[in-house]
Amino acid sequence: MVEMVSRPYARAFEKFAAGKPDILCLSADLTSSCEIDGFRDRHPDQFLSLGMAEQNMMSFAGGLGLAGFRPFIHTFGVFMYRRPYDQLMASIAYPRRKVRLMGFLPGVTTPGGMTHQSIEDISVMRSIPNMTILETGDATEVESICEAADSIDGPVWCRILRGSVPRLFATPITVGEMRELSDGDDVLVVTSGICTEEALRARAAFAQAGLSIRHLHLHTIKPFDSTALLDHIGSVRHGVVTLENHVTEGGIGSLVAEIIADAGVGKRLVRLGLKDTYAHGGSRPYLMKFYGLDASALVRGIEDLMGQEFNITEDDLSTARFDDVHSLAKAEAL
């Protein structure tokens, strides 16, 4: 049974930031939704509310960084890069300010539809010079994301999970490394974020079908250790399948494709994720199934890669976990 941890970010950020006057907590009018309302109440001298004015918040955070502060910005990821893109570039990325951009509701983790789903943020952030990208996939990574982000001399983009989060890993994030979750020699599976839990749901079914799967989980997306990935690719016979809570263009599927192409590796790659589409509203399990981001989609992707069927059904997979809403007061999970 997977341990579920309630609101790990709320406790982790307060433990990390409390009593450090150079760390400032910035909110864009989504304080309780980003689990920093308790920090606001208990540490008001380190809390700043910038309201629904994200462009100003970016420039303000850049100024705080210039003055020697380490601002942690909190809002939904989609509001952190679509609306204030110019200020993000000019005030934070270009001067390499130590600003930590804590983006909540990555991908389809919200039923809010296009306006709230951050589905192309990795592709945008990968193209921005000086930007580090981290993504959390479980409670342990959420608990260690603040230390990991603050170890970087420059801006950091973080995809944060909130609410009730499973504990999958025993060790914290080590920036620049990847987690090897299983060692196999048939197919390399590369996942990140919430898709890693989906890949783990299929582990027993793959073993029962006689498939030897090598599984990597990525929490550091930029910078990336291409040499280590190439070693893993060279250790499997049939190729690579990537699965991500993001569009397939510009995310980890593109990252792996670029590394394969640059090295001239002649192995197949199947990229699973949102296929040139926005997601509509719905529960997370429904959206992951509808758009092909779940364990069943991974099975089909491996079958496509290998050109054969393994007769793995939904009943062969570990039971999917259904999340409670963020709170009874916010049943729409916003």
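The structure presented is a predicted model; accordingly, all values stated were derived computationally and were not measured.
The ring-ring contact (aromatic ring centres under 6.0 Å, His included) analysis of residues 128-163, with sequence neighbours excluded, yields the pairs Tyr81-Trp157. Each side chain to side chain donor-acceptor pair (under 3.5 Å) pair with one or both residues in residues 299-308, not counting sequence neighbours, would appear here, but there are none. Annotation: salt bridge (Lys or Arg N to Asp or Glu O under 4.0 Å) contacts involving residues 245-266, sequence neighbours excluded, comprise Arg126-Glu258.
Take Ser27 and apply the side-chain hydrogen bond (donor to acceptor under 3.5 Å, both in side chains) test, not counting sequence neighbours, and it matches Thr31. Shown here are the ring pair (Phe, Tyr, Trp, His ring centres under 6.0 Å) partners of Tyr278, two or more places apart in sequence or in another chain: there are none. Remark: Arg237 pairs with Asp185, Asp186 by the side-chain hydrogen bond (donor to acceptor under 3.5 Å, both in side chains) rule, at least two apart or across chains. Qualifying ring pair (Phe, Tyr, Trp, His ring centres under 6.0 Å) partners for Phe16, counting only residues two or more places apart in sequence or in other chains: Phe72. Every side-chain hydrogen bond (donor to acceptor under 3.5 Å, both in side chains) that His232 has, sequence neighbours left out, goes to Arg214.
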Enumerate donor-acceptor pairs with a distance under 3.5 Å from any side-chain N or O in residues 47-57 to protein atoms, sequence neighbours excluded.
from  : atom 1 : to    : atom 2 : distance (Å)
Glu54 : OE1    : Arg83 : NH1    : 3.1
Glu54 : OE2    : Arg83 : NH1    : 3.4

Under 3.5 Å, which donor-acceptor pairs do the side chains of residues 85-98 form with other protein atoms, sequence neighbours left out?
from  : atom 1 : to     : atom 2 : distance (Å)
Ser91 : OG     : Ser59  : OG     : 3.4
Arg96 : NH2    : Asp153 : O      : 2.7
Arg97 : NE     : Gly62  : O      : 3.4

Show me the donor-acceptor pairs within less than 3.5 Å that the side chains of residues 167-174 make with the rest of the protein, sequence neighbours left out.
from   : atom 1 : to     : atom 2 : distance (Å)
Arg167 : NE     : Glu3   : OE1    : 3.1
Arg167 : NH1    : Thr140 : OG1    : 2.8
Arg167 : NH1    : Glu143 : OE1    : 3.0
Arg167 : NH2    : Glu143 : OE2    : 2.9
Thr171 : OG1    : Arg179 : NH1    : 2.8

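Hydrophobic cluster membership for Ile213: Val187, Val189, Phe206, Leu211, Val241, Leu243, Val270, Leu272, Leu298, Val299, Ile302, Leu305, Met306, Phe310, Ile312, Leu317 (Ile, Leu, Val, Met, Phe, Trp, Tyr linked by side-chain heavy atoms under 4.5 Å, directly or transitively).
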